[in-house]
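These notes concern the structure reproduced below.
Everything quoted here is computed from the prediction, not taken from an experiment. The first residue in the sequence is number 1, and the count goes up from there.
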Amino acid sequence: MAAELCLLLLLFCGSTISEVQPIYKPPPGTLDFGFVPAKTYDTGAYHEPGPIGILFKIVHAFLYLVQPNSFPQDLIRKLAQQKFGNTQGDYQKPENVVLTLQAIYYEIGFIVSAALGLLFILLLPLVGLCFCMCRCCDNCGGEMHQRQKKNADCQRSCFATFLFVASLIISVGVLCAYAANQHLTNQVRGAKKLVNSNFKDLKIFLNDTPAQIDYLVSQYNTTKDKALSDLNNVGPLLGSRVQEQLGKEVRPALDAALTMAGAIRETKEALENVSVSVEVLQEGTERLHANLSDVKVHLSNTLNDSACSAAQAASTCNIIRNSLNQLNINANFSGLPGVSSQLAKVNDVLKIDLSSLVQKGYAAFNDTPDLVVNQTRNILSDIKNVLESIGSNITTFTKTLPVQKILADLTIYLTQSEAYVQDYFPVVEQYDFYRWLGCLILCCMVVLILVFYYLGLLCGTCGYDKHASPTTRGCISNTGGNFLMAGVGFSFLFSWVLMIVVALTFVTGGNVEKLVCEPFEDKTLFKVLDTPYLLNQHWKNYLSGILFKNPNINLTFEKVYSDCKENKGIYTSLHLEHLFNINEFLNISMYTEDVALKIEHIQINLSKIILLDEIGKENLLNFSSSGIEGINFAAYLTEINKSVTKVDLLSFANDLEARADQLPKGALENALKGHANNIRMIHNQQVVPLEQAMSTLNQSIRLLKRTSSELMVKVKNVISAVNAAQLLINNNASQVIVQETKKYMDTIVGYFEQYIEWVKESIAMEVAACKPIANVIDTAVDIFLCSYITDSVNTFWFGLGGSSIFLIPAIIFAVKLSKYYRRMDTEDVYDDTENGNNGYHKEHLYGIHNPVFTR
């Protein structure tokens with residue numbers, strides 16, 4: 001029934017998804033489907049026994065000593081597969097004899113122990129009977145006469161000590177048995193809570209499964225919404241992808257054209273600067289030449305003064321007179337050619353705004369996303385209708401499945417099972433009470449024997465008088481001896497009964513521990529159950545034969561249990577893909593194929609995009625033929641590299657002033673210093689502006705030289721790049737569009753693939769997680785059978801068996817010790833002169849009767 005439910009539930013969710021395998025798989029945006037709703041199961045399939053666990057470990061160690069062999073997997077397989085008793089000679093077959101011997105060898109520890117127990121059961125009552133009859137004949141210590149020995153006190157103390165130790169060991173054993181008996185009862189009484197917890201988890205398992213499946217189905221909307229979002233943003237997504245691919249050639253071409261437009265403007269500015277700077281330099285050098293000529297004339301007149309004839313000034317004046325030739329201009333700008341014709345042609349080129357034309361090309365290319373949106377509007381509408389139809393089909397299909405009816409039937413079945421268990425549980429508790437009472441009676445038998453032994457030791461020890469003769473012992477001492485003999489009598493009466501119970505529980509509980517509990521814990525038991533043809537001679541795999549009617553499917557108890565233990569989904573645990581393959585049910589390929597086909601039919605025409613029209617190209621050609629490459633850059637650079645004057649006027653003025661200081665104070669000195677100041681003024685007012693004009697001219701000439709270098713080749717390269725980009729848009733854009741459309745399609749389909757993989761993983765790991773099934777098995781076997789029952793039963797027979805075994809030495813010591821406590825009928829009498837100390841006369845020699853018993 002559960003398998004049918006899982007099949008329907010998975011079929012229900014399988015109809016909503018598909019399996020698509022595109023050639024190209026781009027990494028689509030990761031979809032967040034959230035977490036499948038799941039409640040936490042309450043059952044903790046683990047039992048901690050508490051302090052009594054120490055006893056359980058001791059019993060396990062003892063069982064290991066009795067049965068140290070590992071779990072006999074091969075032996076059990078062979079025994080299960082052999083047919084015993086079908087014919088009369090089956091047991092005599094050699095292979096069966098070998099198996100029997102192997103089984104005996106494996107069970108040899110239990111067999112020997114059980115044989116010793118059986119010997120105990122048979123011999124102890126027989127020995128007790130013989131002992132009783134022997135004592136009735138005044139033998140075996142039945143004669144009420146005690147021979148006196150020198151070490152009597154030592155013997156009495158040793159017997160009392162040994163009996164006390166044996167009684168203590170018996171007490172420990174009976175306490176262990178009582179603790180195990182009470183532990184089992186307590187666990188049975190508390191098992192109801194664990195049973196209810198398992199039923200609660202099973203109900204959660206059934207109730208949460210449809211909600212989980214509804215969640216899986218509802219997450220289709222996440223996929224659909226993401227796909228619709230991408231479809232609504234087809235411009236930014238598909239259009240931007242197309243634009244990005246085309247832009248690898250288009251943008252560099254437009255950038256080059258825009259750079260060339262900037263170069264034209266810079267060329268115009270440079271030509272204007274050259275024209276203005278040359279005019280300024282020509283006029284400035286003429287004025288400077290005239291001013292310097294005046295300075296030389298005035299200096300010559302001053303040096304011709306009579307003061308220069310003096311001996312002190314003559315040499316200085318001569319030096320100054322010889323340096324006057326340096327006051328001349330150095331650069332000559334009057335012979336430089338003009339650039340007016342080139343400037344006129346460039347101005348004609350600039351009448352057309354090339355930058356504006358290039359920007360129009362940019363704008364047209366940047367409108368690609370809008371073109372994609374406008375040209376795909378009808379197709380995208382069809383795709384959206386397909387996605388909506390999928391959602392409608394999901395809703396329609398969910399209404400046709402009788403999921404709720406099946407769940408209701410299973411819930412009723414589970415409720416009935418729970419009610420049956422609840423009704424049957426008081427009966428279990430009642431029978432457990434009978435068991436507890438029976439075990440308590442067995443413990444009370446041992447306790448009764450212990451009471452007699454302890455009372456005998458107490459009364460005998462307290463009432464013993466070493467000075468009293470055996471015939472005159474006190475009443476308390478005699479009562480102690482009687483208690484000891486009563487304990488011996490009850491030991492013979494009860495010990496064989498105790499050993500019967502011990503033997504039966506030992507063989508049963510020990511084998512359950514070794515053949516069920518231990519192999520269940522390490523999963524070797526499942527390996528045996530998974531043996532081919534073991535449980536059914538016609539089926540290779542029993543579990544798959546039961547569930548799928550196909551025993552050839554590799555479905556094992558161990559794998560199912562392990563998967564459920566890990567809380568995997570029931571689909572994975574039971575390998576339900578052999579009932580139906582989820583990949584066949586996760587199929588909406590017809591929808592995704594329709595979506596892919598419609599996307600592939602998207603036709604985008606970008607021929608309306610004009611990067612640069614013919615006017616712009618002609619404008620570039622006109623610029624290349626403007627003639628700037630014909631400018632005599634060498635002549636300009638030659639004059640520019642010269643200084644304005646042959647000598648630095650500031651240095652000349654400073655030197656002139658320094659030499660004037662060497663002259664005697666007077667008019668000559670002052671006149672020379674005046675000329676020095678005049679030279680400085682000429683430098684500041686005329687030379688400095690000329691140097692600035694030369695710097696501007698230098699920058700402009702060098703810019704023009706760089707621009708003119710292979711200008712025609714550069715312009716042709718720009719035009720070629722623009723033409724190539726335009727050709728790509730007009731003729732080859734379809735290939736780029738097809739490629740990017742395919743990527744876009746794979747992105748959309750990728751969302752469905754994510755949904756499929758998420759559903760598969762959720763069904764495998766989260767939907768209908770079968771941890772409650774593993775918990776039920778653990779509860780039944782590991783907790784109830786092994787931890788509650790087997791451990792308690794094994795501890796019970798361990799304690800009771802130990803007590804029963806130590807009854808034997810206790811019997812011996814009690815019989816020996818009772819002679820020293822009981823009042824004897826006759827006593828040994830010795831002559832004082834013969835023995836040197838007080839002695840007792842023998843009654844059969846002297847006929848002296850015990851006065852206490854003489855009436």
[X] and [Y]: side chain donor to acceptor below 3.5 Å:
X: Thr779; Y: Asn198; value: yes
X: Ser491; Y: Tyr453; value: yes
X: Asn196; Y: Gln422; value: yes
X: Tyr454; Y: Ser171; value: yes

Out of curiosity, [X] [atom1] to [Y] [atom2], how far, rounded to the nearest 0.5 Å?
X: Ile170; Y: Leu175; atom1: CD1; atom2: CG; result: 12.0 Å
X: Leu498; Y: Leu493; atom1: CG; atom2: CG; result: 11.0 Å
X: Gln67; Y: Glu513; atom1: CD; atom2: CD; result: 11.5 Å
X: Tyr106; Y: Ile111; atom1: OH; atom2: CD1; result: 11.5 Å
X: Phe798; Y: Ile58; atom1: CZ; atom2: CD1; result: 6.5 Å
X: Glu518; Y: Phe71; atom1: CD; atom2: CZ; result: 10.0 Å

Subject >> Derivation of the ring-ring contact (aromatic ring centres under 6.0 Å, His included) call for Phe110 and Phe506 >> reply: CA-CA 8 Å; Phe110 288 107; Phe506 166 72; 5.2 Å; yes
Any heavy-atom pair between the side chains of [Y] and [X] that's under 4.5 Å?
X: Asn541; Y: Ile553; answer: no
X: Val512; Y: Cys517; answer: yes
X: Leu484; Y: Phe813; answer: no
X: Asp791; Y: Val59; answer: no
X: Asn794; Y: His60; answer: no
X: Leu529; Y: Tyr542; answer: no
X: Gln182; Y: Trp436; answer: yes
X: Arg435; Y: Cys439; answer: yes

Ignoring hydrogens and angles, tell me if any N or O in the side chain of [X] forms a donor-acceptor pair with the backbone of [Y] under 3.5 Å.
X: Thr795; Y: Ala180; value: no
X: Asn511; Y: Val507; value: yes
X: Thr531; Y: Val528; value: yes
X: Asp563; Y: Lys568; value: no

**OP:** Please step through side chain to side chain contact (heavy atoms under 4.5 Å, CB included) for the pair Leu442 and Phe796, ending with a clear verdict.
**Re:** CA-CA 11 Å; Leu442 295 176; Phe796 179 78; 4.2 Å; yes
**OP:** Just do the side chain to side chain contact (heavy atoms under 4.5 Å, CB included) check on Val36 and Ser762 with the steps written out, would you?
**Re:** CA-CA 7 Å; Val36 177; Ser762 299; 3.7 Å; yes
Heavy-atom count around [X] [atom1] within 6.0 Å, excluding the residue itself: above 12?
X: Lys523; atom1: NZ; result: yes
X: Leu65; atom1: CG; result: yes
X: Glu521; atom1: CD; result: no
X: Phe425; atom1: CZ; result: yes
X: Phe199; atom1: CZ; result: yes

Of all the heavy-atom pairs spanning [X] and [Y], show the shortest one and how long it is.
X: Leu450; Y: Ser167; answer: CD2-O, 3.4 Å
X: Cys176; Y: Gly799; answer: CB-CA, 4.2 Å
X: Asn550; Y: Ser544; answer: O-OG, 3.1 Å
X: Ser804; Y: Val502; answer: OG-CG2, 4.5 Å
X: Leu163; Y: Ala810; answer: CD1-O, 3.5 Å
X: Ser495; Y: Leu807; answer: CB-CD1, 3.9 Å

Original post:
Should Glu418 and Lys203 be marked as a salt bridge (Lys or Arg N to Asp or Glu O under 4.0 Å) after you check the CA-CA gap, both sets of side-chain angles, and the distance that decides it?
Top reply: CA-CA 11 Å; Glu418 184 178 13; Lys203 289 180 179 178; 2.8 Å; yes
Original post:
Once the angle between the rings of Phe490 and Phe452 is folded into 0 to 90°, is it parallel (under 30°), tilted (30 to 60°) or perpendicular (over 60°)?
Top reply: parallel
Subject >> Tyr431 and Tyr434 aromatic ring geometry - parallel, tilted or perpendicular at 30°/60° bounds >> reply: perpendicular
Subject >> Short N-O contact, Lys565 and Asp778, less than 4.0 angstrom >> reply: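 Result for this pair is yes, salt bridge flagged.
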Original post:
For the residue pair Phe526 and Phe520, is the inter-centroid distance of their aromatic rings smaller than 6.0 Å?
Top reply: yes
Original post:
Are His183 and Tyr178 an aromatic pair by the rule of ring centers under 6.0 Å?
Top reply: no
Subject >> Full working for side chain to side chain contact (heavy atoms under 4.5 Å, CB included) between Ile500 and Leu504 >> reply: CA-CA 6 Å; Ile500 290 175; Leu504 293 176; 4.1 Å; yes
Subject >> Derivation of the side chain to side chain contact (heavy atoms under 4.5 Å, CB included) call for Leu124 and Phe492 >> reply: CA-CA 7 Å; Leu124 204 63; Phe492 282 117; 4.3 Å; yes
